[in-house]
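Let me begin by presenting the structure, written as structure tokens, before commenting on it.
Throughout, residue positions are numbered sequentially from 1 according to the sequence presented. Because the structure is predicted, anything quoted here is derived from the model rather than measured.
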Amino acid sequence: MKKFIQIPNVIQEDVISGKLIGNDLLVYNYLVDKAGHGKPIYFSNNKIAGELGGMSYGKISASLNRLQRANHIKRTKTSHNTATQLKTVVIDAKNILIKGRKV
């Protein structure tokens, strides 16, 4: 079952202020769909690019870097992969994180 995804105001504010761009919003929405449970995912930039259809590896990489600099995601290199975890996410009504802090 698909669900509606609402973008948190803090993400919209970062797009308006210029910290993030439109592609970043697309990548963030993808991450919410795949990692909205709050746990890390281990997807390569190529996998994300393939599933988004048409975005290059470089654009995905740049978007992930901007999202990380804005403190909306956490990326950690492991021995074989990179873990990506949302720091700005609505997990459920009682678990809302904004830049890693519970609200």
What are the two closest heavy atoms between [X] and [Y], and how far apart are they?
{"X": "Asp92", "Y": "Ile96", "value": "O-CG1, 3.7 Å"}
{"X": "Thr88", "Y": "Pro8", "value": "CG2-CG, 4.0 Å"}
{"X": "Ala35", "Y": "Leu86", "value": "O-CD1, 3.6 Å"}
{"X": "Asn45", "Y": "Arg75", "value": "OD1-NH2, 3.6 Å"}
{"X": "Lys99", "Y": "Ala70", "value": "CE-O, 3.3 Å"}
{"X": "Ala49", "Y": "Met55", "value": "CB-O, 3.1 Å"}

Begin from the C-alpha positions of Leu20 and Leu25 and carry the test side-chain contact (heavy atoms from CB on, under 4.5 Å) through to its verdict. CA-CA 8 Å; Leu20 301 176; Leu25 195 55; over 6 Å; no
Please answer: with hydrophobic residues joined when any side-chain heavy atoms are less than 4.5 Å apart, are Tyr42 and Ile73 in the same cluster?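 Not linked; separate clusters.
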Spatial distance of atom [atom1] ([X]) from atom [atom2] ([Y]) [nearest 0.5 Å]:
{"X": "Thr82", "Y": "Leu64", "atom1": "OG1", "atom2": "CG", "answer": "9.5 Å"}
{"X": "His37", "Y": "Gln85", "atom1": "NE2", "atom2": "CD", "answer": "9.5 Å"}
{"X": "Tyr30", "Y": "Ile60", "atom1": "OH", "atom2": "CD1", "answer": "8.5 Å"}

Within-4.5 Å side-chain heavy-atom neighbours: [X] and [Y]:
{"X": "Lys102", "Y": "Asn95", "value": "yes"}
{"X": "Asn29", "Y": "Ile7", "value": "yes"}
{"X": "Leu67", "Y": "Tyr28", "value": "yes"}
{"X": "Leu52", "Y": "Val27", "value": "yes"}
{"X": "Leu31", "Y": "Ile41", "value": "yes"}

Examine distances only and state if a side-chain atom of Asp24 and a backbone atom of Ile21 form a donor-acceptor pair shorter than 3.5 Å.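 The answer is yes, because a donor-acceptor pair under 3.5 Å joins these two groups.
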Ignoring hydrogens and angles, tell me if any N or O in the side chain of Ser61 forms a donor-acceptor pair with the backbone of Tyr57 under 3.5 Å.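 No, the answer is negative, given that no donor and acceptor are paired below the 3.5 Å cut-off.
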Determine which pairs satisfy salt bridge (charged side-chain N to carboxylate O under 4.0 Å, His left out) with at least one residue from residues 47-63, sequence neighbours left out, and list them in order.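 Those involving residues 47-63 are Lys34-Glu51, Lys47-Glu51.
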For Lys74, is the NZ atom crowded, meaning more than 12 foreign heavy atoms sit under 6.0 Å from it?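 Counting other residues, nucleotides and ligands, NZ of Lys74 stays at 12 neighbours or fewer.
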Give a yes-or-no answer on whether the side chains of His72 and Asp14 include a donor-acceptor pair shorter than 3.5 Å.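 Asp14 and His72 do have a side-chain donor-acceptor pair below 3.5 Å.
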Could you tell me which residues satisfy side-chain contact (heavy atoms from CB on, under 4.5 Å) with Arg69, sequence neighbours excluded, listed by chain and number?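 With neighbours one apart ignored, the set is Asn65, Arg66.
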